[in-house]
Amino acid sequence: MEASFFDNVFEVAKLIPKGRVTSYGAIAAYIGMKRSARMVGYAMNASHSDKSIPAHRVVNRNGLLTGKHHFNGPDEMEKRLKAEGIKVKNDKIINFDKHFWDPATELKL
DNA sequence: GACATGACGATTT
DNA sequence: GAAATCGCCATGT
């Protein structure tokens, strides 16, 4: 099977180091489709098939936990991030810039 | 098989 | 500068 867009998203998501977060657009851009940020989020929905995917480390460009509702509970995502040392307030990651993990920069292909 | 929608982001008006 | 629109792939109805 050819690696689809979703598959790439899953693999990159799995590569996110603990205590780091990234954005949908960053993953999409790393794959080569920065315009497909929406699909990245949708892919995360499909990630339910793979529990190894730390979808909680993927947030929107503003560091906002837009997809927290898709977890076991609306507080699950926030709780997990806090457990990794990431502070979340008002559904937003504090110091998002410091926790931001860009695959294009960190992995650098 | 066609239409609508979905965890977003950038570009254009 | 803010609001509106386009772009993208896959899934569900």
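Only heavy atoms go into these numbers, but all of them, side chains included; no hydrogens, no water, no symmetry mates. Here the structure is a predicted model, which is why all the values come from computation and not from measurement. Order of the sequence lines fixes the chain letters, A, B, ..., with proteins taken first and strands second; residue numbering starts at 1 for each chain.
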S.K.: Can you check whether A/Ala104's main-chain N or O pairs, donor with acceptor, with A/Asp102's side chain at less than 3.5 Å?
M.R.: yes
S.K.: Taking only the P atom of each, what is the distance from C/dA3 to B/dA7 in whole angstrom?
M.R.: 22 Å
S.K.: Could you pick out which residue, A/His48 or A/Arg35, lies toward the 5' side of DNA chain B when each is mapped onto its nearest nucleotide?
M.R.: A/His48
S.K.: Which heavy atom of A/Trp101 sits nearest a heavy atom of A/Ile16, and at what distance?
M.R.: CZ3-CG1, 3.5 Å
S.K.: When we call it a touch if two heavy atoms are under 4.0 Å apart, what does A/Tyr42 touch: a base, just sugar-phosphate, or nothing?
M.R.: base
S.K.: Taking 4.0 angstrom as the limit, do A/Asp91 and A/Lys68 come out as a salt bridge?
M.R.: yes
S.K.: Do A/Glu84 and A/Arg57 meet the salt-bridge criterion of a basic N to acidic O distance under 4.0 Å?
M.R.: yes
S.K.: Which heavy-atom pair separates A/Asn62 from A/Lys92 by the least distance, and what is that distance?
M.R.: O-CG, 3.9 Å
S.K.: Under 4.0 Å from any heavy atom of chain A: name the first and the last nucleotide of DNA chain C that qualifies, 5' to 3'.
M.R.: C/dG7 to C/dT11
S.K.: With a 4.0 angstrom cut-off to heavy atoms of chain A, pull out the first and last contacting nucleotide of DNA chain B, in 5'-to-3' order.
M.R.: B/dG6 to B/dT11
S.K.: Report yes or no: is the cationic atom of A/Arg61 (NZ for Lys, CZ for Arg) under 6.0 Å from the centre of the six-membered ring of A/Phe100, at an angle within 45° of the ring normal?
M.R.: yes
S.K.: Does the plane of the ring in A/Phe6 sit parallel, tilted or perpendicular to the ring in A/Phe10? Use 30° and 60° as the thresholds.
M.R.: perpendicular
S.K.: Base, sugar-phosphate alone, or nothing: which one does A/Ala55 contact when heavy atoms must sit under 4.0 Å apart?
M.R.: base
S.K.: Return whichever of A/Lys34 or A/Ala46 has its heavy-atom-nearest nucleotide of DNA chain C closer to the 5' end.
M.R.: A/Lys34
S.K.: More 5' along DNA chain C: A/Phe6 or A/Arg38, using each one's nearest nucleotide?
M.R.: A/Arg38
S.K.: Please walk me through it: do A/Val58 and A/Met44 pass side-chain contact (heavy atoms from CB on, under 4.5 Å)?
M.R.: CA-CA 9 Å; A/Val58 185; A/Met44 291 282 109; 4.0 Å; yes
